[in-house]
Every structure is written in C-alpha cells, then in structure tokens.
A.B. asks: 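One structure is given below, represented as structure tokens, and several questions about it will come after.
No hydrogens, no waters, no symmetry mates; every other heavy atom, side chains included, goes into these values. Residues take their numbers from the sequence shown, with the count starting at 1.
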Amino acid sequence: ASWLKIRWRSVQTLRELPMRPHPTPAAPRVGGSARSLVIRVRALSGASVWGPEAVDASTSSAELRRRVATALGHPEGKVRLVLQLSTDCLASGDVGELPATDVSLAEAIGNLAASSLDILELAVVLLTEMPDSQACARALPGVYVAESTNHRVTRWPLGEPGRGEVVAGGNGRGQKSTQLAGPRGVFVDVSGRLLVAETGNDRVTCWVPGATSSMVVAGGEGRGDRPWQLSEPHGVCVDNAGAVLVAEACNHRVTRWPQGAEVGEVVAGGRGPGSELGQLDTPMGIFIDQRGALLVAEAGNSRVTLWRPGATQGEVVAGGRGAGDELWQLGEPRGVCSDEHGTVFVAEAQNDRVTRWAPGAQEGVVHAGGMGQGDEAWQLNEPIDICLDDAGALYVAEAGKLRITRWTPGAERGEVVAGGHGRGTELGVGRSQLGSPCGVFIFSEVAAATAVNLVAAARLAG
C-alpha cells in the first residue's frame, strides 16, 4: 500500500490551549480563540486539499479522525493522526499519534506537547492508507453551475439533457464547511478540484471529488481589503502553476493565492476603482488564456482588459468606450473567456448578448443573443457567465431566465441544457430548475480522464 501524507496546520498557538504548565513561550505570531481550534488542510505535494476547515478544541480526537475519514471516503481504521510541531510552518518532527479516543483535542495535544518549550504553532499530519488497487475518486464530466440563491453547485450531464446532482452545498445558506453562501464563480481544475467563489462568505472553497465538506483556500476571514481577506469574490480560476485567482468586485482587484497560501497577492488592479490602465472597476469574470495572460471583465468600466504575467497595467481588448449597445461598446460585461486563437468572448448582461472579439479588433461580432431580452431560443436574458467546451460550443448562464444554454458554432439559437423551468430546486429530467445561475464551467471527458491520472499519481507519490 502507498500512503498519502497531508499536513493539518492550526492557526491557534499552543499557548492558547489548556495543557500542563511549562515555561511561557515567546509572543505568538498567529492569533486565535481559546475555544476554537482552527485547522487548515493541505497536501504536502500541493496537489489537493481535503477535510473540514474547523473543529472545536473540545472535539475528541476520535471524532476528528471520523470526520477526516468521511471527508476522504476511507474507513476510519485506515486513518492516523500524528502531531507535528513547528515554528515556521514546516514540520520539525513527529511528537506522537493522537489517540482514537474520546479525549479532547486540547487535552490530547497538551499531553503530547507539554515537554516542548519553544513551540508557537502546531500541525497535525494525516496518514491514510491508499491500497494500489483502490479506485480513485474522480471528478465527473459535466456542466457545473453555481446557483447563488440555492446556495449550491450542481452538475449536469454533457450531451443530452439529464438529471442534475448537487456536488457542493445545498444545505442552506451558511458558513459551515458543508454549506455555501451566494456562490458566484465556479471552476474545476486539472486535478478535479471544484473551486467555488462565495460572495456571501467572502471566501473561495475547494471541494475534492466525492467530498461532503470543503476547505477554504482563499479569504474566509471576513470582508475587507487586507491581504488575507476578500470582498465580494465573483470570478475564480486557476493558473498553470495551480494558484487560485479571484476577482474581487468591491476591492476592484484580482488576487492570486498559491497553493497553501494564507494571503493573496494582487496581480491586477488594487488601486481603487478607476479607468486608468493600472486600475479595475468592479471586476466580475476572469479567465487565463493559453498564453497565461489574465482576462478581466470589468462591469464598471464596460471593458475587458488583458494582464500579462508580471504586468502592472492592463491592455483593453474589448470595449472601453463607454457603456452602450454599439458593436464597439459593451454593456455590463460580466463573463469572459477565449479560444485557442485568442478570440475573446464577452457576456454582456445589459445588452443580453455575447460578443466575440478577434485579436486586435476594434469592435465585436454578436455570437449569441442580441435579439432583445426574452426567453425564445434565439434570445438571451441577462447572461452573466460563459465558457467554451472542447468542440467550441459556448455555454451561457442566463440569470434572467434561470437556465444554461448551449450555442454550437454558427448556431442562431441556443439549446437549454439545465434549468429553464422557473426558479426552484428541482433536478429532474424535463423539469429542472435553477436558483440564480451565476457561474458555469464545463469539465470535459478528456479533462476528467486527465484528473484521474493526476490524482492517482499524486497519491502514489506520497
């Protein structure tokens, strides 16, 4: 059998946990609550993230092991929790295994760490046995939809319309690891991780295939403009290095969060709302093109800007000449993507259309909609997010009509692939409903097969 090793790092210090007396350590660098033991989870390989984002200090180590096993879908007997101590976020050696008993985490950790005199932080390492013959949990191909008012993400089969299923949230609005609050952006990366931008919780959560709970990978520390905070995150995507990028509408910036990072770095905007090329105004949708450049749909500036890696200014690639419905203008651009040729597609909520802009073009061409707001097959109703599949078909999230439509290349009308039967939570074939679909992402068969291979390789490499 192979073993996957995952570090659980607490932002609470040992100083704040009840334990046997020992010399007082130096002032801790990381704050915490005497009642709340917050544990973050990351893979040492940087590949994936699992588990609950928080447990109470009074929780028993047996209960924590049960939660971890449930999150990973493994038998409890295949999970061990080993305490490691750290002063610089890197483990300095095993101290001992947390017992699978009803002893509280605070007491168990205190018993193991009482002899340590200079430790400020702690980490818990999870060892879970992964038999080589065990099938890997996989992210299924499909149309992933972020439903803002249903506080969930659903997956819908590719091809013919079918029954949808909840893959994240769906347990009411809330801040728990099993809940979502106002999900807006959705993205599935090459390893199959589902990333969800939640405006209601000002965070981005990660859901691995088959998990019933999530891990916070960006924000989640209240609304604000500090490096560790987000403010109304909308768009989310992942770059070639596996870092998460987040469009923050109220902070007028895009931040980048490398795997395992607890603070983000500004990669676009962040200088207040404005129309200068170094500024953004209400960024909503973001996309990484094939060259690694960042595309940003700015609703406040009625434009799409392109930010090359390391650039301090963007380049206008669509719109930028005031809000309007002329082909050289944009009307509330909300979603953006591009194809392998560098053609940029823009979802214009105000103009009820999607336009495409060839490289260097001074005006766009209507690609979908543009026939007035309505519910006919040739119309769009408040399109706010878009994505392309491997065959070049365009998928559009229509908040006004509560549906996802697919527009094949050259088509004059779209086909409903999810929703379209009013607001609600029904997932059945022929009567499916959505609640304010704000984000859409296509995870193809090819991507799903690639994800299985990547996850298997990461597990065996552990």
A.B. asks: So, for Leu380 and Trp407, which heavy atoms are closest and what is the spacing to 0.1 Å?
C.D. replies: CD2-CZ2, 3.6 Å
A.B. asks: Over all heavy atoms of both residues, which pair between Gly319 and Trp357 is shortest? Give the atoms and the distance, please.
C.D. replies: N-CH2, 3.5 Å
A.B. asks: Kindly say whether Ala349 contributes a backbone atom to a donor-acceptor pair with the side chain of Glu382 at under 3.5 angstrom?
C.D. replies: no
A.B. asks: Does a donor on one side chain sit under 3.5 Å from an acceptor on the other, for Ser436 and Arg423?
C.D. replies: yes
A.B. asks: Taking side-chain contact (heavy atoms from CB on, under 4.5 Å) as the definition, give me every residue that meets it alongside Asp225, ordered by chain and number, with sequence neighbours left out.
C.D. replies: Asn251, Arg253
A.B. asks: Taking atom types as modelled, find out whether Thr355 and Glu348 have a side-chain donor-acceptor pair closer than 3.5 angstrom.
C.D. replies: yes
A.B. asks: Nearest heavy-atom pair of Cys206 and Val217: which atoms, and what distance?
C.D. replies: CB-CG1, 3.7 Å
A.B. asks: Without hydrogens or angle criteria, can the side chains of Ser275 and Asn301 be said to hold a donor-acceptor pair below 3.5 Å?
C.D. replies: no
A.B. asks: Under the salt bridge (Lys or Arg N to Asp or Glu O under 4.0 Å) test against Glu398, which residue among Arg403, Arg406, Arg353 passes?
C.D. replies: Arg403
A.B. asks: Answer yes or no: is there a donor N or O on one side and an acceptor on the other, between the side chain of Asp339 and the main chain of Gly392, under 3.5 Å?
C.D. replies: no
A.B. asks: Using distance alone, with no hydrogens and no angle criterion, decide if Thr154 and Glu147 have a side-chain donor and acceptor under 3.5 Å apart.
C.D. replies: yes
A.B. asks: With sequence neighbours left out, what residues match Arg223 under salt bridge (Lys or Arg N to Asp or Glu O under 4.0 Å)?
C.D. replies: Asp202, Glu232
A.B. asks: Hey, is Arg308 close enough to Glu315 for a salt bridge, meaning N to O under 4.0 Å?
C.D. replies: yes
A.B. asks: Would Glu415 and Thr405 count as having a side-chain donor-acceptor pair, cut-off 3.5 Å?
C.D. replies: no
A.B. asks: Main chain of Arg152, side chain of Asn150: is a donor-acceptor contact present, judged purely on distance under 3.5 Å?
C.D. replies: no
A.B. asks: Grab the two heavy atoms, one from Val296 and one from Trp307, that are nearest each other, plus how far apart they are.
C.D. replies: CG2-CD1, 3.9 Å
A.B. asks: Say whether Glu198 and Thr205, considering side chains only, have a donor N or O and an acceptor N or O under 3.5 Å apart.
C.D. replies: yes
A.B. asks: Please determine whether a side-chain nitrogen of the Lys or Arg among Arg334 and Asp385 lies less than 4.0 Å from a carboxylate oxygen of the Asp or Glu.
C.D. replies: no
A.B. asks: Kindly assign one of parallel, tilted or perpendicular to the pair Phe441 and Phe187, based on the angle between their ring planes and the thresholds 30° and 60°.
C.D. replies: tilted
A.B. asks: Would the distance check show the side chain of Glu332 and the main-chain N or O of Ala299 forming a donor-acceptor pair, the cut-off being under 3.5 Å?
C.D. replies: no
A.B. asks: If every non-hydrogen atom of His252 is compared with every non-hydrogen atom of Pro283, which pair is closest and at what distance?
C.D. replies: CA-CD, 3.7 Å
A.B. asks: Of all the heavy-atom pairs spanning Gly142 and Leu158, show the shortest one and how long it is.
C.D. replies: CA-CG, 3.7 Å
